[in-house]
Colleague: 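Got a structure here, written out as structure tokens. Questions coming.
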Amino acid sequence: MTIKIYNTLTRKRERFETLEPNKVSMYVCGPTVYDKAHVGHAMSVLVFDIIRRYLEYRGYEVRHVMNYTDVDDKIIQRANIEEVDPYELAERYIKEFREHLDDLNILPATVYPRATEEIDHIIEMVQGLIEKGNAYESEGDVYFFVSSDDDYGKLSGRKLEDAQSGYRIDVDDRKETPMDFALWKASKPGEPAWESPWGLGRPGWHIECSAMSYHHLGEQIDIHGGGNDLVFPHHENEIAQTESLTGKPFARYWVHNGMMQLRGAAMSKSTGNLVTIEEFIAEHEADVLRMMVLNSSYRSPLKFSDETVGHAKRALDRLRSALRPASPGAAGEMPESLAAQITATRQGFSESMDDDFNTAGSLGHLFDLVRAVNQARDHGAAPEILAQAQSLILEFTGVLGLEMERARVDGWSGPGEAAPFVDLLIEVRAELRRQKLWALTDQIRDRLAEHGVIIEDGKEGTTWRWK
RNA sequence: GGCGACGUGGCCAAGUGGCAAGGCAGAGGUCUGCAAAACCUUUAUCAUGGGUUCGAAUCCCAUCGUCGCCUCCA
């Protein structure tokens, strides 16, 4: 089976064929670091983390680059308001973002380039574009000459003629045509600036990604990703720059995730319609957010609300229910139904994932296995029998990046520390049950629940677990 | 106005030509001292109207609606 990926460039699902066998180069656009990141950014990062994990599971060696845009108008503006150095401001939010990546269980990218550390490469690229006649200097600025690029607009399906001059696009005397975009901006006094052949200035937004991708991954890459709000103009312009310079197709597959929606609109820093990652993590496990992403299609909008968060949380609990131990003393054999389901899930999981990373479909197969495991447990299957299915569940949830660990309870460093005491209480309670002292029995159950310990009385005895 | 994506049960959601996955919630049941969990049973003709086809949620056209982009945005 081959993997199929939806390519924004062709608007089709295509067979995934890499430039080099068994190797994938993937560039994903990271955040502009001028403010706290929100769960929409987290969604994007999660989507590409899941894609990367699956590609690695399928045997590819993935070279993964995610950039930080650490110099631009917003950062400078914000830094002026806060009266701090723009570099420091960016540094602060990069540090914070890295902590979020860690909290969210994101595999570290191979490289995290920053625009300010790649100025030489950026200047080199701009110069190359000028030499090739695709860009021109004007009063210390350098612009990309859009008309010099025959197939400009191919990613977003836009035609140059459609863009009405002066309509929502500033008519700027320094530009030859209104659609031209800045590769290099002359700096104003007090702004961060670097020496260049065109005087002091700083890079435009789009060129940094082209330059960093070129530098770290080469002329051509396999996957270029980001949110679908980047399709135009950002990615369109990246294609124009890189392909004009190299004369070769830039990325083989353009992959875009849908937007996370809050109250019916996309989350957005500029409108303040957002929930920060910090806020989310303070209240929920990281797996909950990942589950939200997994249970939907990465290309579709994802609704964020108390209700959808709650759904994900319960779905996670359900997944975990399969990992509970066998009934005390159980010694039953492998039921036919479980054996069959293990095979079916193993196959179905990969088939779904191969189909444009259909994580919701894969979860469906996983839930089928959850039911079969719970069934087998109810019918008294032995621990080592359940373990066969449970290890498969852990294998696949691992591929999806779910940690599956139970939430830690405050005051205990781990379940092991409290275990002897809980066992003792259960022992005492068993005696109380024999004497039918129900009030005391229930009191122990209730009080333990307050401390996060769930007691369940089964046929073969009482089991307990952390909430 | 232009470009694009989408519209599946109470909610979330998979499914791109052949009897409509899965999760949550609801109802009934098994188990239990009660409970919880788990298990069993149960809930849809796929926005609307046309068309293509032996056959369509799946292809085509139109209409309505939602969202994104066209300006910085994952």
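Every chain is numbered from 1, with letters handed out A, B, ... down the list of sequences. Bear in mind the structure is a predicted one, so any value in this text is a computation, not a measurement.
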Colleague: Is a salt bridge present between A/R445 and A/D442, judged by a nitrogen-to-oxygen distance below 4.0 Å?
Modeller: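 Yes, A/R445 and A/D442 are salt-bridged.
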Colleague: Checking contacts here: which listed nucleotide (B/G22, B/A74, B/G68) is nearest the side-chain heavy atoms of A/N228?
Modeller: B/G68
Colleague: Quick one: is B/A37 close enough that its OP1 or OP2 comes under 4.0 Å of any side-chain N or O from A/R318?
Modeller: no
Colleague: Under a 3.5 Å cut-off for both contacts, is B/G33 paired Watson-Crick or G-U wobble with anything, and if yes, with which nucleotide?
Modeller: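 The answer is none; no pair meets the criterion.
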Colleague: Can you check the A/L402 CG to B/G23 P distance for me, whole Å?
Modeller: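 After rounding, the gap between these two atoms is 16 Å.
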Colleague: Could you tell me whether A/S297 contacts a base, only the sugar-phosphate backbone, or nothing, with contacts defined as non-hydrogen atoms closer than 4.0 Å?
Modeller: sugar-phosphate
Colleague: What's the closest nucleotide to the side chain of A/K74 if the choices are B/C72, B/A38, B/A5?
Modeller: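 Shortest atom-to-atom distance from the side chain points to B/C72.
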Colleague: Answer with base, sugar-phosphate or nothing: what part of the nucleic acid does A/S300 contact at a heavy-atom distance below 4.0 Å?
Modeller: nothing
Colleague: Look at the side chain of A/D442 and the base of B/G33, then say whether one donor and one acceptor between them are separated by less than 3.5 Å.
Modeller: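 It does, because a donor-acceptor pair links the side chain of A/D442 to the base of B/G33 below 3.5 Å.
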Colleague: Are OP1 or OP2 of B/C24 and a side-chain N or O of A/H311 less than 4.0 angstrom apart?
Modeller: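 Answer no for this pair, as no side-chain N or O of A/H311 is under 4.0 Å from OP1 or OP2.
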Colleague: Suppose we define a pair by two distances each less than 3.5 Å, Watson-Crick or G-U wobble; what does B/U42 pair with here?
Modeller: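 With both distances under 3.5 Å, B/U42 matches B/G26.
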Colleague: Could you tell me whether the side chain of A/R371 has a donor or acceptor atom within less than 3.5 Å of a complementary atom in the base of B/C40?
Modeller: no
Colleague: Can you tell me if A/N374 touches the phosphate of B/A37, counting only side-chain N or O atoms and a distance under 4.0 Å to OP1 or OP2?
Modeller: no
Colleague: Between B/C34, B/A37, B/A74, which one does the side chain of A/N257 approach most closely?
Modeller: B/A74
Colleague: Is A/Q375 close enough to B/A38 that one of its side-chain N or O atoms is under 4.0 Å from OP1 or OP2 there?
Modeller: no
Colleague: Which part of the nucleic acid, if any, lies within reach of A/A265 when heavy atoms closer than 4.0 Å are counted: base, sugar-phosphate only, or nothing?
Modeller: sugar-phosphate
Colleague: Please determine if A/R98 forms a cation-pi arrangement with A/Y112, meaning its NZ or CZ atom is less than 6.0 Å from the six-membered ring centre and no more than 45° off the ring axis.
Modeller: yes
